[in-house]
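Per chain, numbering begins at 1; letters A, B, ... match sequence-line order.
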Number of protein chains: 2
Amino acid sequence: MPDATPLNRISLSNQIRDLLLKRIMTGALKPGDRLIEMKIATEMSTSQAPVREALRELETMGVIESLRNKGARVRIITNEELRQLYDVRAQLEAYATGLVTELKIPLKSRLTESVKLMKKAARAGDSVEFAESNTLFHRIIIEATGNQVLLELWETLNVKTRTMVNVSRSSRSLIELAESHQAIIDAIRAGNPKKSDAVARDHVLKNKPAADMVDDRQAGAE
Amino acid sequence: MPDATPLNRISLSNQIRDLLLKRIMTGALKPGDRLIEMKIATEMSTSQAPVREALRELETMGVIESLRNKGARVRIITNEELRQLYDVRAQLEAYATGLVTELKIPLKSRLTESVKLMKKAARAGDSVEFAESNTLFHRIIIEATGNQVLLELWETLNVKTRTMVNVSRSSRSLIELAESHQAIIDAIRAGNPKKSDAVARDHVLKNKPAADMVDDRQAGAE
DNA sequence: GAGTCAACGATTATCGATAATCGGTTAAAA
DNA sequence: TTTTAACCGATTATCGATAATCGTTGACTC
């Protein structure tokens with residue numbers, strides 16, 4: 001029987017989670033925006049319960065934050081946290097890049113292809129599409145390590161970063177950014193794991209935002 | 001007024017989450033054990049809703065897994081995944097240890113203290129207490145970097161690891177394991193970041209379990 | 001005896017309603 | 001005018017009930 005019906009639909013809470021995640025990543029929902037349970041429930045024609053489950057997931061992922069009895073809002077990532085995010089990402093990417101170099105996994109054509117997409121998006125000034133292909137580039141490398149744990153960790157970091165990054169940047173610097181990936185491709189090709197490690201680390205750190213000048217000890221609520 | 005009542009209790013779902021987490025970490029709940037929503041709800045004298053929210057959080061954290069319409073169970077971490085976990089942890093710990101060395105953050109006394117606790121637990125054969133103080137040792141280093149993102153990431157990895165690790169190990173090897181932390185303390189003290197990085201990485205990798213001989217391509221369900 | 005299928009018990013998924021809480025606002029009191 | 005207190009609308013937290021789904025059991029057919 002050539003599979004008739006898609007028997008198991010996705011649960012409502014998962015659908016809601018994915019929808020909200022998409023809106024946050026594309027910027028339709030911005031940092032600080034409130035997520036009101038009944039509003040979402042009504043929009044999706046469901047009850048409150050699946051919405052709450054979705055919100056809890058998003059909260060655990062770190063993309064929203066919710067205060068007891070006060071509801072949830074899209075998490076505001078401080079500059080300092082963003083910098084920390086880049087530091088950690090740098091380590092993970094360095095490890096992954098070094099590893100795929102050592103294992104001599106052939107990635108050149110796929111990586112080159114994703115850089116093309118990046119450039120195209122950059123020229124079009126499409127920052128969402130750019131983020132998409134940029135993510136693709138790095139995901140190709142991480143996936144190639146075969147380390148599923150690493151991939152999942154990196155995904156959540158990446159999601160967090162992107163909730164805020166795609167707000168800024170001119171199309172000029174986007175093109176430069178796209179081109180800067182070539183160094184990674186070359187390093188992998190060259191076959192020196194240590195070198196690849198360093199190049200990938202530098203690539204991430206080069207884009208790490210500068211520290212705020214202000215003496216902001218941003219108060220974090222409980 | 002000397003604060004009368006603890007106004008904001010913790011939400012039920014959070015209480016449930018913490019309780020279940022504790023049970024999983026201490027081994028009261030073992031990998032594969034089912035988590036039946038109504039059973040938990042009845043035990044806690046609540047309804048099903050908060051339990052489901054708690055389960056969703058645990059699922060996102062990766063400590064349980066749930067299949068549509070079939071419920072949740074404590075996640076069974078395969079040997080392969082455990083190995084991947086160690087690989088990633090090794091990178092994070094190496095980074096953290098190198099960084100605190102570079103920053104010359106004084107940690108010796110606190111680290112030494114936690115090693116004492118480890119040894120004590122090892123002699124007593126108390127594997128839960130051992131895991132506790134072992135975690136403490138590493139957390140001290142990670143925390144000292146001041147990188148909150150790194151800490152959170154490391155915490156979730158650590159939780160995952162511990163759901164399974166505390167099943168095994170003899171008290172003899174526990175003592176050796178405790179003593180092996182001294183090398184890290186010494187490296188930090190010596191003040192060479194590169195060396196610290198390497199020592200910390202090796203420390204983790206030395207405990208990475210061996211690969212299974214079996215050609216198990218463990219099927220992962222949707 | 002092996003295979004098929006309907007009915008059953010257990011459990012999850014979702015709903016609709018109620019209780020509790022928060023922030024702000026008005027109105028009375030000082 | 002400032003302070004205090006009760007009130008109100010909006011929203012979250014929790015409950016109890018119902019619908020949908022799964023695995024299994026046991027009778028029935030061949």
(message) Just to verify, what does Asp18(A) make a side-chain hydrogen bond (donor to acceptor under 3.5 Å, both in side chains) with, not counting sequence neighbours?
(response) none

(message) For Ile105(A), give me all partners under side-chain contact (heavy atoms from CB on, under 4.5 Å), at least two apart in sequence or on another chain.
(response) Val100(A), Leu103(A), Leu107(A), Ala144(A)

(message) Suppose we screen for side-chain contact (heavy atoms from CB on, under 4.5 Å). Which residues come up paired with Pro209(A), at least two apart in sequence or across chains?
(response) Asn79(A), Leu82(A), Arg83(A), Tyr86(A)

(request) Check salt bridge (charged side-chain N to carboxylate O under 4.0 Å, His left out) between Arg17(A) and all other residues, then give those that pass, not counting sequence neighbours. (result) Glu57(A)

(request) With sequence neighbours excluded, tell me which residues meet side-chain hydrogen bond (donor to acceptor under 3.5 Å, both in side chains) with Arg34(A). (result) none

(message) So for the helix from dG1(C)-dC30(D) to dA30(C)-dT1(D), with five pairs setting each end axis, what is the inter-axis angle to 10°?
(response) 10°

(request) Quick one: list whatever passes salt bridge (charged side-chain N to carboxylate O under 4.0 Å, His left out) with Lys70(B), sequence neighbours left out. (result) none

(message) My understanding is that only residues two or more places apart in sequence, or in another chain, count here; which of them pass salt bridge (charged side-chain N to carboxylate O under 4.0 Å, His left out) with Lys39(A)?
(response) none

Are any protein N/O atoms closer than 3.5 Å to N/O atoms in nucleotides 12-15 of chain D? If there are, list each pair with its distance.
from: dT12(D); atom 1: OP2; to: Glu37(A); atom 2: N; distance (Å): 3.1
from: dA13(D); atom 1: OP1; to: Asn69(A); atom 2: N; distance (Å): 3.1
from: dA13(D); atom 1: OP2; to: Arg52(A); atom 2: NH1; distance (Å): 2.5
from: dA13(D); atom 1: OP2; to: Arg52(A); atom 2: NH2; distance (Å): 3.2
from: dA13(D); atom 1: N7; to: Gln48(A); atom 2: NE2; distance (Å): 3.4
from: dA13(D); atom 1: N6; to: Gln48(A); atom 2: OE1; distance (Å): 3.3
from: dT14(D); atom 1: OP1; to: Leu12(B); atom 2: N; distance (Å): 3.1
from: dC15(D); atom 1: OP2; to: Ser47(B); atom 2: N; distance (Å): 2.9
from: dC15(D); atom 1: OP2; to: Ser47(B); atom 2: OG; distance (Å): 3.3

